[in-house]
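For reference, the structure is listed below as structure tokens.
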Amino acid sequence: MFERVKLPYEYADLEPHIDKLTVETHYEKHHKTYTDNFNEAIKKAPEFAEKPAEIILMNLDKAPEAARKALRNNGGGFYNHNLYFESMTPGGKKPSAKFEEIVKRDFGDFDSMLKKLHAAATADLFGSGWAWLIAKNGKLSIVISPNQDLPKEIDTPRQLLLPVDMWEHAFYLKYKNLKKDYVDGYFKVVNWAMVEARLNNEHKTV
Ligand code: MN
């Protein structure tokens with residue numbers, strides 16, 4: 001039985017960047033529904049019973065046809081949202097000097113990485129989906145994925161460092177059509193210590 005990650009803050013704690021009603025609705029309605037539906041879908045795929053979510057999500061081609069779509073959409077929704085909600089902290093947390101060096105090595109400087117992630121989320125991605133900072137073979141890069149899919153570039157979900165949820169439910173109550181402002185706001189609450197811990201395999205969200 002998969003369970004949502006516990007919110008490491010109160011609904012209102014990410015204000016004014018991510019508003020209370022959005023956090024509450026997103027976590028209690030959307031994330032809960034993905035998680036409940038994922039648990040239901042697994043009942044139709046007995047070979048996945050007791051398997052970790054990352055194994056299920058990387059082996060969807062082995063799922064029974066009747067359960068595959070539900071596992072992909074809801075399993076992805078479950079996994080991505082656990083990462084998302086644990087990526088934020090009230091007021092944000094700055095990157096360490098060590099992590100900044102790694103970003104600098106792969107993007108030139110920290111701001112270039114943020115700009116690239118922002119552009120991926122607001123310009124490269126069309127429709128609902130996610131933008132990501134990932135680490136593959138130690139190298140950081142920016143990718144996008146549609147719907148609740150995990151990015152096709154990864155070999156394991158452990159390579160996912162930072163998600164940007166670009167479904168309208170993540171921002172529409174406060175930001176309406178202003179996607180760029182939402183991403184700016186999201187960047188102000190990112191917990192970069194968490195992102196670094198994921199890179200170093202020191203924190204397991206799911
Ligand atoms: Mn979402």
Side-chain angles (χ1 to χ4, degrees), residues 2-42 53-54 56-57 60 69-90 92 117-134 142-154 157 159-191 194-195 198 203 205-206:
F2 289 103
E3 290 183 23
R4 286 172 295 165
V5 70
K6 288 208 166 41
L7 269 191
Y9 38 79
E10 302 295 323
Y11 302 137
D13 287 352
L14 304 176
E15 294 262 9
H17 310 294
I18 308 292
D19 62 290
K20 177 176 186 267
L21 184 60
T22 295
V23 174
E24 184 173 4
T25 310
H26 200 175
Y27 180 77
E28 299 294 356
K29 307 288 184 190
H30 295 277
H31 191 15
K32 182 175 189 303
T33 303
Y34 290 124
T35 305
D36 290 348
N37 290 344
F38 184 36
N39 284 317
E40 277 305 306
I42 291 166
E54 58 196 88
I56 297 174
L57 290 169
L60 289 170
K69 191 175 169 189
L71 287 168
R72 178 180 184 157
N73 291 339
N74 296 294
F78 162 77
Y79 201 96
N80 297 344
H81 284 91
N82 268 359
L83 291 177
Y84 178 76
F85 285 109
E86 268 206 341
S87 294
M88 297 182 281
T89 193
L117 182 56
H118 196 285
T122 59
D124 300 348
L125 181 70
F126 184 78
S128 297
W130 297 74
W132 301 89
L133 175 67
I134 65 168
I142 306 287
V143 296
I144 56 175
S145 62
N147 306 312
Q148 294 295 352
D149 293 354
L150 275 63
K152 60 184 183 311
E153 289 84 354
I154 59 168
Q159 294 170 335
L160 302 171
L161 301 186
L162 178 67
V164 187
D165 189 343
M166 292 309 295
W167 282 60
E168 285 186 345
H169 66 232
F171 60 85
Y172 209 81
L173 291 173
K174 177 181 172 74
Y175 290 99
K176 302 295 187 286
N177 59 319
L178 303 176
K179 282 186 186 185
K180 290 181 178 178
D181 292 355
Y182 155 65
V183 178
D184 288 340
Y186 177 66
F187 284 176
K188 293 201 171 76
V189 294
V190 167
N191 183 349
M194 174 64 73
V195 175
R198 286 178 184 144
H203 182 86
T205 292
V206 190

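Just so you know, these numbers come straight off a predicted model, no measurement behind them. Each ligand, and each atom within it, is numbered from 1 in the order the structure gives.
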Quick check: are there more than 12 heavy atoms from other residues, nucleotides or ligands sitting under 6.0 Å from CD of E10?
no

At the Mn ion (ligand 1), what's the angle from H81 NE2 to H26 NE2, rounded to 10 degrees?
90°

Rounded to 10 degrees, what angle sits at the Mn ion (ligand 1) between D165 OD2 and H169 NE2?
130°

Determine, using ring centers only, whether [Y] and [X] are less than 6.0 Å apart.
X    : Y    : value
H169 : H26  : yes
Y84  : Y186 : yes
H17  : Y182 : no

State whether H31 contributes an N/O/S atom found under 2.8 Å from the Mn ion (ligand 1).
no

